[in-house]
Amino acid sequence: MKVDTFLVERFMDAYENDVELNLAETCVDPFTLGEFLSLTGREAFFEELKGVQLTYGSIEGSLNLRRELANLYETVTPENILVAGGAIGANFLVFYSFVEPQDTVISIFPAYQQLYSVAKSLGANVKLLSLREDNKWLPDVDKLAELVDDRTKLIVINNPHNPTGSLIDTDLLKKICSIAEEAGAYLLCDESYRGLYVDQKDFVPSAVDLSKNAIVTGSFSKAFSLTGLRLGWIASNTKIIEECRRHRDYTTISNGMIDDSLAALAVKHADRIYARSLKIIRTNHQILSRYIENEPLISWIPSRAGSIAFLRYNLELSSEDLCVRLIKDKGTFLVPGSCFGMEGFLRIGYGCKTEVLEAGLSRFKDFLNSYH
Ligand SMILES: Cc1ncc(COP(=O)(O)O)c(C=O)c1O
């Protein structure tokens with residue numbers, strides 16, 4: 001089976017473990033176990049688990065976890081949820097369950113590469129819907145409608161969006177849902193960064209609460225800051241969930257029981273965890289905004305949601321060269337736009353600890369000054 005190299009993963013893997021200041025990460029500062037248990041008031045958690053037998057556990061994710069996850073939506077019940085190995089496992093399962101050779105799959109671009117490369121590897125005709133900077137990195141619905149053909153099986157979007165931090169608002173999301181419905185296609189909306197709004201007035205419903213054709217995926221890695229659990233989920237109507245479950249039997253059996261219990265605890269205390277995450281991203285977004293205002297070589301469409309932003313730079317240097325030199329000279333890690341097929345850009349993650357962001361930006365400034 002042929003598949004394109006997942007460029008961002010290869011670049012992260014090459015550098016992330018040794019770098020001093022990591023501004024490439026997409027997660028909101030992951031918890032230590034101690035911090036997490038203390039925030040949720042469950043310091044005795046592991047003591048309480050001592051009597052639990054380590055079996056396979058529940059196949060589709062415990063009822064407790066699926067009940068908690070259903071509460072994150074308006075119209076979803078535990079039967080509409082399937083737990084997976086991260087949002088990456090959830091997305092993969094959706095492609096594996098529905099995409100066949102010769103299907104048309106329309107995906108936004110740039111994007112988290114999994115969202116178009118897996119469908120291509122399964123033999124689909126992948127059409128890319130370009131997101132443009134002059135349209136605030138948002139999908140153009142007229143262009144989307146033009147791409148639809150009578151073989152369109154799946155339309156793929158990501159809201160909030162990696163790598164730009166753009167946010168599809170309710171009206172636009174409803175229009176995209178209508179296009180999928182009219183085409184008789186599924187709409188996969190990767191909502192891994194859901195809820196991380198920079199402006200507290202913002203709110204966008206989940207696509208699953210807007211359309212019967214929607215399949216949404218979620219993650220414990222980003223807003224929940226529990227990346228090490230490696231859990232995510234799919235939410236959709238019961239027919240779609242059943243199809244995903246049939247395919248999942250060949251890849252998963254079940255996820256880890258302890259991870260499942262920790263994840264259920266997290267969703268139960270989602271309010272507290274979101275308050276922590278929002279504080280981090282809003283503080284850091286202000287710092288990043290101020291930095292960019294004062295940095296003539298960098299411009300951006302300010303990210304509206306999530307924990308990442310896409311920066312345009314004005315230097316005669318490829319994005320990969322820039323990032324590798326920045327790592328070697330200044331111990332600071334950004335992701336080259338080339339990993340997203342977008343030369344002249346850099347992705348920055350601002351979900352890290354504030355002191356890491358400040359130190360990294362200060363070194364980035366020195367680095368840019370040395371090129372003046
Ligand atoms: C858009 C998007 N989807 C999915 C994932 C994978 O997330 P997880 O850690 O839940 O597997 C990522 C991780 O960066 C992402 O950015």
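Hydrogens, waters and symmetry mates are skipped; everything else that's a heavy atom, side chains included, is used. All ligand and atom numbering here is 1-based and tracks the order in the structure. No experiment lies behind these values; they were computed from the predicted model shown.
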Handout entry: Any side-chain heavy-atom pair of Thr238 and Asn80 under 4.5 Å
Key = yes
Practice task
Within a distance under 4.0 Å of any heavy atom of Arg230, pick out the atoms of ligand 1 and give their elements.
Solution key: 8 (P), 9 (O), 11 (O)
Handout entry: Donor-acceptor contact present, side-chain Arg282 to main-chain Tyr197, <3.5 Å
Key = yes
Handout entry: 4.0 Å heavy-atom contact, His161 with ligand 1
Key = no
Handout entry: Note, Asp199 side chain near Arg304 side chain (heavy atom, < 4.5 Å)
Key = no
Exercise for the section: State the atoms of ligand 1, each with its element, that fall below the 4.0 Å cut-off from a heavy-atom position in Asn162. Expected result: 15 (C), 16 (O)
Practice task
Measure centre to centre between the rings of Phe6 and Tyr112, then say whether the value is under 6.0 Å.
Solution key: yes
Handout entry: Residues Thr251 and Tyr96: side-chain donor-acceptor under 3.5 angstrom
Key = no
Problem - Aromatic Phe31 / basic Arg276 pairing, under 6.0 angstrom, 45° off normal - result: yes
Practice task
Output the list of atoms in ligand 1 that are nearer than 4.0 Å to some heavy atom of Ser192, sorted by atom number.
Solution key: 2 (C), 3 (N), 4 (C)
Problem - Numbered atoms of ligand 1 (with element) below 4.0 Å of Thr26, judged on heavy atoms - result: 14 (O)
Practice task
Begin with the C-alpha distance, continue with both residues' side-chain angles, and end with the deciding distance and a verdict on ring pair (Phe, Tyr, Trp, His ring centres under 6.0 Å) for Phe345 and Trp137.
Solution key: CA-CA 13 Å; Phe345 290 89; Trp137 300 119; 5.5 Å; yes
Practice task
Look at ligand 1 and say whether Tyr193 reaches it with a heavy atom at a distance under 4.0 Å.
Solution key: yes
Exercise for the section: Please determine if Tyr112 has a nitrogen or oxygen closer than 3.5 Å to a nitrogen or oxygen of ligand 1. Expected result: no
Problem - Short side-chain donor-acceptor distance under 3.5 Å, Asn64 and Ser62 - result: no
Practice task
Report yes or no: does a heavy atom of Asn158 sit under 4.0 Å from some atom of ligand 1?
Solution key: yes
Problem - Top protein contact for atom 3 (N) of ligand 1, by heavy-atom distance - result: Asp190 OD2, 2.6 Å
Handout entry: Numbered atoms of ligand 1 (with element) below 4.0 Å of Gly86, judged on heavy atoms
Key = 10 (O), 11 (O)
Practice task
Using distance alone, decide if ligand 1 has a nitrogen or oxygen within less than 3.5 Å of any nitrogen or oxygen in Leu231.
Solution key: no
Problem - salt bridge (Lys or Arg N to Asp or Glu O under 4.0 Å) partners of Lys120, counting only residues at least two apart - result: Asp4
Problem - Among Thr217, Asn213, Val105, side chain to side chain contact (heavy atoms under 4.5 Å, CB included) partner for Leu188 - result: Thr217
Handout entry: Gly232 to ligand 1, any heavy atom closer than 4.0 Å
Key = no
Exercise for the section: Could you tell me whether Ala87 and ligand 1 have an N or O pair separated by under 3.5 Å? Expected result: yes
Exercise for the section: Please state whether Lys222 comes within less than 4.0 angstrom of ligand 1, counting heavy atoms only. Expected result: yes
Handout entry: Nearest neighbour in protein (non-hydrogen) for atom 9 (O) of ligand 1
Key = Ser221 OG, 2.6 Å
Problem - Residue part near ligand 1, for Gln114, under 4.0 Å between non-hydrogen atoms - result: neither
